[in-house]
2 protein chains.
Amino acid sequence: MEDQKQKLELVKKPTVNDIARVAGVSLATVDRVLNRRPGVRAVTVQKVQKAIDELGYVRDTAAANLARNRVYNFVFILPDAGNEFVEAICDQIAEQSRDQFIERTRVTIKKVAPFEPQDIVNILDGVDHLSVDGVAVFGPETPSVRDAVKRVRDKGIPVVALVSDLPSSDRDHFVGIDNVSAGRTAAQLMGRFVHRPGKVLVLTGSRLARDHLERRQGFDLVVAEEFPHLEVVASVEGRDDPDLIYKMMPGIFETYPDLVGIYSSAAGNAGLVQFLSESRISKDLVIIAHELTPLSRDALRRGTFDALISQDSGHLVRSAVRLLRATSDKVPFNKSQERIRIDIYLKENLPP
Amino acid sequence: MEDQKQKLELVKKPTVNDIARVAGVSLATVDRVLNRRPGVRAVTVQKVQKAIDELGYVRDTAAANLARNRVYNFVFILPDAGNEFVEAICDQIAEQSRDQFIERTRVTIKKVAPFEPQDIVNILDGVDHLSVDGVAVFGPETPSVRDAVKRVRDKGIPVVALVSDLPSSDRDHFVGIDNVSAGRTAAQLMGRFVHRPGKVLVLTGSRLARDHLERRQGFDLVVAEEFPHLEVVASVEGRDDPDLIYKMMPGIFETYPDLVGIYSSAAGNAGLVQFLSESRISKDLVIIAHELTPLSRDALRRGTFDALISQDSGHLVRSAVRLLRATSDKVPFNKSQERIRIDIYLKENLPP
DNA sequence: TTGAAAGCGATACCAC
DNA sequence: GTGGTATCGCTTTCAA
């Protein structure tokens with residue numbers, strides 16, 4: 001008896017038909033119980049539930065989606081910053097759309113002015129729970145955004161925060177790296193790579209962006225703890241804007257002639273790279289930046305940048321989609337598969 | 001007309017029924033053409049193929065697997081080395097088996113004596129093409145293994161090489177990191193982390209293991225090119241054996257009293273860690289090892305190791321399974337998703 | 001409150 | 001050579 005059951009579990013998984021047979025009810029009733037639909041007597045629910053538990057039933061999502069002809073419609077809200085990282089995410093969405101089409105999911109991208117919470121709020125308030133099955137938001141954690149996310153979730157629509165967390169909004173999941181750890185990692189590399197004492201500059205984006213703040217925080221902690229030969233000077237806010245950064249650089253080097261390292265913790269690296277290529281700054285200057293893009297990749301290969309902290313844009317998109325699907329279907333997900341790693345790139349381990 | 005087609009493609013993908021209707025044949029015939037089965041006139045094939053192309057048909061694998069009640073049976077051949085990395089792979093297979101069960105795939109692990117090609121050959125020759133749909137091999141690239149892999153593939157069974165490549169065997173795919181680049185990466189870190197001139201030791205596993213050879217090769221190249229203050233001394237072969245490594249260490253430090261760094265490029269780190277904890281070796285010694293495991297993680301956190309080069313075991317297993325499924329079904333796969341990254345871990349970016 | 005039956009997209013067996 | 005049809009696991013009317 002026990003043996004047979006064991007074997008059955010191993011060889012073939014139970015189906016709705018098995019449950020119906022064991023519980024002595026019809027398929028329709030099993031389905032009602034499985035999907036928590038009303039119109040079933042408590043006693044019957046018990047009977048069916050018992051059969052489900054005994055058999056160790058697990059729903060075949062593929063078959064279910066086939067039957068209901070389900071299509072997942074997801075909306076990704078991204079900053080229209082024109083920077084390479086956001087572009088990489090868009091490219092990934094496009095690139096994966098074919099695979100995801102096959103997996104019955106469609107992704108719509110909505111771009112909003114960067115650092116403009118109101119635009120995000122408008123889009124969030126506009127999502128219709130009849131046509132949208134989930135939303136991914138890459139944006140600043142302001143009170144208005146937080147409340148708008150809550151309203152979306154109250155409509156029963158899953159929301160994930162992308163790249164920059166929105167913990168206070170009660171979003172379903174965060175898809176991105178731990179930015180405090182990312183900052184710590186940058187600091188450890190900086191401390192190890194810089195051999196002489198001196199000042200280190202942190203180039204940040206905006207104080208509205210939670211990810212930027214967290215990176216700075218992690219960076220400061222590790223430098224203070226472990227590298228007394230370095231001194232972190234006041235952050236410079238580049239607003240992810242290459243032109244602005246380019247214009248600010250000369251002044252910075254005047255103020256701190258003894259700069260030994262720069263941690264570019266946000267976007268807008270183009271401005272930094274251009275300035276460095278034009279000026280005759282010591283090659284000893286250690287530069288650590290964020291995100292692997294064509295520009296940063298090139299800078300790393302030429303030795304302008306010494307290391308990159310990154311997160312895989314393909315993984316970000318896949319993970320967001322999988323989490324939205326799982327949340328929408330109320331099924332569990334594989335936690336370790338969804339953890340986004342803090343990638344470190346040197347010129348030696350760049351992907352081809 | 002054009003518009004309508006566009007719209008149809010966007011909203012709903014064509015099915016076998018659509019093909020049958022457009023081509024004016026039955027479902028059965030469409031299926032014969034789709035699966036290249038014989039017994040269809042050339043003219044009919046043309047007609048059907050035309051409809052397929054026009055409609056831009058893409059098979060719904062989920063529905064297909066449901067209909068044929070397909071179950072993928074894969075065999076993973078792993079060295080019974082008892083080391084943590086192999087254990088991590090086994091754990092991942094076990095951990096993912098639930099998910100993969102749902103996705104209709106079963107994985108069987110076969111452990112073989114490490115560095116014993118004949119055991120691998122025996123298992124490979126024993127796989128039955130009726131019950132096995134794919135094989136993943138983690139083993140040395142010897143002529144006998146190579147030929148056995150070829151025989152398996154001649155039976156029509158897909159084979160992927162895991163961790164250590166078997167290029168000469170014509171395996172379908174390699175799932176693992178580029179080991180030359182991994183060695184280069186280790187060298188770059190070593191060169192940056194070691195500040196004083198001195199000798200560097202490479203601890204390797206076996207000259208039979210292609211991955212170990214490649215790492216050494218990459219390491220040597222970068223040290224020679226970029227770090228003249230370092231000298232790499234002759235490799236020491238630890239055969240992935242902690243006890244052996246532990247016993248060899250004192251002799252090594254006698255021979256090279258001015259050692260400034262160790263690159264542990266293979267397994268058996270336990271022996272190294274134990275020796276270091278017992279002896280009073282300078283904390284200045286930079287140690288870079290491979291694979292994130294409980295032991296190496298701990299050593300990194302305590303500062304015994306300075307950095308780790310790693311590959312994600314969860315990703316390895318998922319990737320191997322996906323590639324075997326795709327090869328078996330003759331469907332394309334997402335190349336960038338299957339690329340295994342060369343992970344660098346410092347104590348700051350360890351996963352929780 | 002429950003059940004019978006059609007159907008999702010694809011496959012496979014059995015006729016003709 | 002070709003077509004009809006049952007089937008896979010699940011959902012969803014429509015009746016009872």
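Note on naming: letters A, B, ... go to the chains in the order of the sequence lines (proteins, then strands), and numbering restarts at 1 for each one.
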Original post:
Any cation-pi pair here, R106(A) with F101(A), using under 6.0 Å and within 45°?
Top reply: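 Yes; both conditions hold, so R106(A) lies above the ring face of F101(A).
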
**OP:** Between protein and nucleotides 3-16 of chain C, map the contacts as a letter string: B base, S sugar-phosphate only, - none, heavy atoms under 4.0 Å, written 5' to 3'.
**Re:** BB--BBBBBB----

**OP:** At the 4.0 Å heavy-atom cut-off to chain A, mark where contacts on DNA chain D begin and end, going 5' to 3'.
**Re:**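 Nucleotide range with atoms under 4.0 Å of chain A: dG9(D) to dT12(D).
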
Subject >> Intermediate values then yes/no, side-chain contact (heavy atoms from CB on, under 4.5 Å), V160(B) and R171(B) >> reply: CA-CA 6 Å; V160(B) 300; R171(B) 78 285 178 278; 5.9 Å; no

**OP:** Report the residue from H173(A), H315(A), R322(A) that forms a side-chain hydrogen bond (donor to acceptor under 3.5 Å, both in side chains) with E338(A).
**Re:**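 Testing each of H173(A), H315(A), R322(A) against E338(A), the sole residue satisfying side-chain hydrogen bond (donor to acceptor under 3.5 Å, both in side chains) is R322(A).
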
**OP:** Test side-chain contact (heavy atoms from CB on, under 4.5 Å) on Q311(B) and V163(B) and set out the steps.
**Re:** CA-CA 9 Å; Q311(B) 47 193 324; V163(B) 181; 3.8 Å; yes

Indicate every side-chain donor-acceptor pair of residues 62-71 of chain B with a distance under 3.5 Å to a residue at least two apart or in another chain.
residue: N65(B); atom: ND2; partner: Y72(B); partner atom: OH; Å: 3.2
residue: N69(B); atom: OD1; partner: R104(B); partner atom: NH2; Å: 3.4
residue: R70(B); atom: NH2; partner: S328(B); partner atom: OG; Å: 2.9

Subject >> From CA spacing to verdict: side-chain contact (heavy atoms from CB on, under 4.5 Å), V137(B), V135(B) >> reply: CA-CA 6 Å; V137(B) 189; V135(B) 184; 3.9 Å; yes

**OP:** Report the distance from atom OG of S131(B) to atom CD1 of I157(B), rounding to the nearest 0.5 Å.
**Re:**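 Reported to 0.5 Å precision, the distance equals 8.0 Å.
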
